[in-house]
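Below, chain A is the first sequence line, B the second, and so on; all start at residue 1. Reckoned from all heavy atoms, side chains included, excluding hydrogens, waters and symmetry mates.
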Amino acid sequence: MAQKPSIPKGTRDFSPEDIAKRDYIIDIVKKHFKVFGFQPIETPAFENSDTLMGKYGDEGDRLIFKILNSGDFISKVDDVTYSSKDSKSLTPKISDKALRYDLTVPFARYVVMHQNEIDFPFKRYQIQPVWRADRPQKGRFREFYQCDADVVGANSLLQEIELIQLYDAVFTDLKLEGVTIKLNNRKILAGIAEVIDAKNNLVNFTVALDKLDKIGADGVQKEMLAKGISEQSIKKADPLFALSGSNTDQLAVLKKFLADSEQGMSGVEDLEYITNSIDDLGLQSTQLALDVTLARGLNYYTGAIFEVAAPEGVQMGSIGGGGRYDDLTGIFGLKDVSGIGISFGLDRIYLVLEELGLFPEILHKSLEVLCINFGGKESMASLKLANQLRKHGIRADVYPSNAKMQKQMKYANNRNVPYVILIGEKEMMNNSFVVKNMASGEQNTFSLENPAVFFKNL
RNA sequence: GUGGUUGUAGCUCAGCUGGUUAGAGCGCUGGAUUGUGGUUCCAGAGGUCGCCGGUUCGAAACCGGUCUUCCACCCCA
């Protein structure tokens with residue numbers, strides 16, 4: 001062998017068993033997307049750079065994979081830019097396309113481009129890979145799948161409630177118990193910043209607050225101080241660090257805390273309405289937990305913020321996230337269209353299901369029946385029988401060559417085939433076939449005249 | 001992008017402070033078993049020790065670089 005081939009860092013091959021498991025998740029997610037009235041779209045793997053750049057903050061820009069222009073792109077760069085050795089100014093001259101970074105921004109672009117053919121409110125789902133030039137870690141890849149459901153053109157809180165129920169429906173169907181849907185509202189965060197006099201430091205404040213469960217109150221306060229938030233402001237925020245108890249308890253505290261902030265109170269009202277409605281409607285297996293420290297996607301979320309945490313005891317970052325964005329399409333020239341969406345992190349859900357052993361056993365059975373090949377007329381009879389089985393939707397195959405029985409049986413065993421069929425010389429003579437149950441070792445003979453006797457209760 | 005970590009057979013991993021021909025289990029191939037897998041027994045194949053360079057009489061081991069793995073930070077699904 002020459003040099004061993006490899007794949008880029010953070011990417012993966014998916015083998016048949018992986019695909020079976022991924023399809024299992026995708027099928028369930030898709031099923032509920034459809035049942036909730038979402039319609040599928042797909043967008044290109046790469047977009048024009050200016051569609052993506054600047055939409056995810058500086059950090060996001062860094063993580064976007066840029067695609068080099070075709071042709072002799074370097075000769076078209078002017079000497080000043082070329083010799084400046086500055087990637088930031090050089091990049092736009094040699095690259096005008098980039099790989100999709102998430103599904104939300106391309107969707108916003110799609111809505112604006114197709115606004116005249118879309119019936120609003122528009123509920124769309126999209127399951128496609130996205131790419132980030134991040135450094136890989138557990139559950140973090142450079143190519144991974146997102147499964148998004150978004151509603152645009154509807155700004156009632158009913159959407160928030162519905163999407164929480166959608167999360168619940170999917171995780172219940174996946175038999176993944178103990179998932180927590182964390183809920184916050186950007187208006188709450190803005191209100192807090194207002195009340196504690198840190199309005200112009202909102203992002204730094206929330207990013208630091210987000211780390212509360214990770215680095216503790218001390219760590220958060222230290223970071224806030226370092227980011228230029230005054231000691232008085234941090235002191236005023238003190239009640240937040242101790243916030244705990246039921247959703248109702250927390251809301252009561254917030255109501256007092258945010259009394260002087262119009263925006264904050266509006267956020268409290270939203271959360272109150274959502275949590276009350278969910279209490280009313282009920283959730284099957286997930287739980288909804290208010291979390292004022294939650295601060296994701298600040299670059300475009302304006303209202304609700306969601307984040308889905310794996311069951312306790314599983315070491316995994318969030319397995320889903322989303323929120324409301326009042327003006328996402330505004331950046332592409334379509335004003336006043338409110339949107340809200342959630343995302344399922346397929347690859348992380350996969351890892352969680354794997355860790356908890358929640359994939360159904362049936363996924364391992366890629367083939368239900370294998371016919372042993374005895375060559376000649378016998379193999380033709382097997383092929384005929386296999387075709388009859390296939391017509392009834394049974395996954396059946398004939399071993400492709402007249403190899404040793406031992407080898408064929410071993411193949412069936414390794415592939416987890418539950419039934420092996422033998423049609424040899426003996427069986428040909430009396431027009432029959434033998435079925436071996438691989439789990440029990442039991443063998444039964446059936447007539448080739450009426451194979452349905454065998455397969456009717458498969 | 002910053003700091004650390006890992007890489008030895010198809011897989012999981014041993015391999016001592018540098019010393020002859022680099023090991024195990026599982027898997028694979030063949031046989032015991034010419035119509036029976038999964039259990040058992042016997043035999044066998046399979047490695048430029050991630051890659052490039054350096055130190056040394058001698059490197060899987062030490063040093064430098066590079067790629068990769070995983071982890072923390074940043075950020076995120």
Counting any heavy atom closer than 4.0 Å, what does A:G57 reach on the DNA or RNA strands: base, sugar-phosphate only, or nothing?
nothing
Nearest-nucleotide 5' precedence on RNA chain B, A:I215 against A:P8:
A:P8
Is the base of B:C75 touched by the side chain of A:R140 through a donor-acceptor pair closer than 3.5 angstrom?
yes
Whole-angstrom distance between B:A60 and B:A32, as gauged at atom C1':
39 Å
Rounded to the nearest Å, what distance is computed from the CD1 atom of residue A:I127 to the C1' atom of nucleotide B:A77?
14 Å
Taking all heavy atoms of A:P311 and all of A:L176, pick out the closest pair and write down the distance.
CG-CD1, 3.7 Å
Between atom CG of A:L370 and atom CG of A:N416, what is the distance when rounded to the nearest 0.5 Å?
12.5 Å
Is there a donor-acceptor contact under 3.5 Å from the side chain of A:N373 to the main chain of A:S379?
no
Distance, C1' atom - from B:G58 to B:U21, rounded to whole angstrom:
15 Å
Taking any heavy-atom pair under 4.0 Å as a contact, classify A:K426: base, sugar-phosphate, or nothing.
base
Rounded to whole angstrom, note down the P distance from B:U5 over to B:A77.
30 Å
I'd like to know if A:D347 pairs up with A:R22 as an ion pair, taking the criterion as any Lys NZ or Arg NE/NH1/NH2 lying under 4.0 Å from an Asp or Glu carboxylate oxygen.
yes
At 4.0 Å (heavy atoms only), tell me whether A:S343 reaches a base, stays on the sugar-phosphate, or touches nothing.
nothing
Under 3.5 Å, is there an N or O donor on one side and an acceptor on the other linking the side chain of A:K407 and the base of B:G37?
no
Let's go through A:Y56 and A:V105 carefully: what are the C-alpha distance in whole Å and the side-chain angles of both, what is the deciding distance for side chain to side chain contact (heavy atoms under 4.5 Å, CB included) to 0.1 Å, and is it a yes or a no?
CA-CA 9 Å; A:Y56 310 98; A:V105 168; 3.2 Å; yes
Before giving the answer on side chain to side chain donor-acceptor pair (under 3.5 Å), spell out for A:Y301 and A:N184 the whole-Å C-alpha distance, their side-chain angles and the decisive distance to 0.1 Å.
CA-CA 11 Å; A:Y301 291 144; A:N184 195 13; over 6 Å; no
Residues A:S432 and A:N430: closest non-hydrogen pair is OG-OD1, 2.7 Å
Just wondering, do A:F374 and B:G35 stack (centres under 5.5 Å, planes under 30°)?
no
Let's see if you can work this out: which of B:C70, B:G35, B:G31 has an atom nearest to the side-chain heavy atoms of A:M405?
B:G35
Between B:A77 atom P and A:I25 atom CD1, what is the distance in whole Å?
18 Å
Nearest-Å distance, OH (A:Y411) to C1' (B:G38)?
17 Å
Among B:U69, B:G35, B:G1, which is the nearest nucleotide to the side chain of A:L422?
B:G35
Pair A:E47 + A:K55: basic N to acidic O under 4.0 Å:
no
What pattern of brackets, bars and dots sums up RNA chain B from 5' to 3', given Watson-Crick or G-U wobble pairs under 3.5 Å, [ ] for crossing pairs and | for another strand?
((((..(..((((.....[...)))).(((((.......))))).....(((((..]....))))))..))))....
Which of B:C75, B:A77, B:U36 is nearest the side chain of A:K211? It is B:C75
Of the listed nucleotides (B:C75, B:G37, B:U68), which one gets closest to any side-chain atom of A:K9?
B:U68
Base, sugar-phosphate, or nothing for A:F344, non-hydrogen atoms under 4.0 angstrom?
nothing
From CG (A:L243) to CG (A:L290), nearest 0.5 Å
8.0 Å
Distance, rounded to the nearest Å, where A:R142 contributes CZ and B:A77 contributes C1':
16 Å
For nucleotides B:A22 and B:G31, find the distance between their P atoms and express it as a whole number of Å.
30 Å
Spacing of the P atoms in B:U48 and B:G23 (rounded, Å)
15 Å
Using atom P of each nucleotide, how far apart are B:U69 and B:U6 to the nearest Å?
15 Å
Using whole Å, report how far NZ of A:K404 lies from P of B:G37.
11 Å
Does A:Q443 make a side-chain donor-acceptor contact with the base of B:U36, cut-off 3.5 Å?
yes
Whole-Å gap separating C1' (B:C70) and CE (A:M316)
13 Å
How far does CD1 of A:I26 sit from OH of A:Y145, to the nearest 0.5 angstrom?
7.0 Å
Over all strands shown, is A:N414 touching base, sugar-phosphate only, or nothing at heavy-atom distances under 4.0 angstrom?
sugar-phosphate
Pairwise P distance, B:G38 and B:U34 [rounded to whole Å]:
15 Å
Nearest listed nucleotide, side chain of A:M438, among B:A77, B:G37, B:C75:
B:G37
For the C1' atoms, the ones on B:A9 and on B:G44, what distance do you get once it is rounded to whole angstrom?
14 Å
Produce the list of close N/O pairs, under 3.5 Å, pairing protein atoms with atoms of nucleotides 3-7 of chain B; give distances to one decimal.
unit_1 : atom_1 : unit_2 : atom_2 : d
B:G3   : O6     : A:R135 : NH1    : 3.2

Side chain of A:Q137: nearest nucleotide among B:G37, B:G35, B:C74?
B:C74
Applying a 4.0 Å non-hydrogen cut-off, can you work out what A:E59 is touching in the nucleic acid: base, sugar-phosphate, or nothing?
base
One thing to verify: whether A:K31 and A:D173 come together as a salt bridge, which I'm taking to mean a side-chain N less than 4.0 angstrom from a carboxylate O.
yes
Base, sugar-phosphate, or nothing: which does A:G60 touch, judged by heavy atoms less than 4.0 Å apart?
nothing
Nucleotide nearest A:R62 when distance is taken to its side chain, options B:C74, B:C76, B:C75
B:C74
Considering only residues two or more places apart or on different chains, which pairs with a residue in residues 212-223 of chain A satisfy side chain to side chain donor-acceptor pair (under 3.5 Å)?
A:K211-A:E223
Which heavy atom of A:A403 sits nearest a heavy atom of A:Q408, and at what distance?
O-NE2, 2.7 Å
Would you classify A:G317 as touching base, sugar-phosphate or nothing, given that sugar-phosphate means primed atoms plus P, OP1 and OP2, and contacts are heavy atoms under 4.0 Å?
nothing
Classify the nucleic acid contact of A:E427 as base, sugar-phosphate or nothing, counting any heavy atom under 4.0 Å across all strands shown.
base
Nearest of B:C75, B:G31, B:U29 to any side-chain atom of A:K410?
B:U29
Under 4.0 Å, counting only non-hydrogen atoms across every strand here, what does A:G10 touch: a base, just sugar-phosphate, or nothing?
sugar-phosphate
Quick one: the side chain of A:N413 and the base of B:G37, do they pair up donor-acceptor inside 3.5 Å?
yes
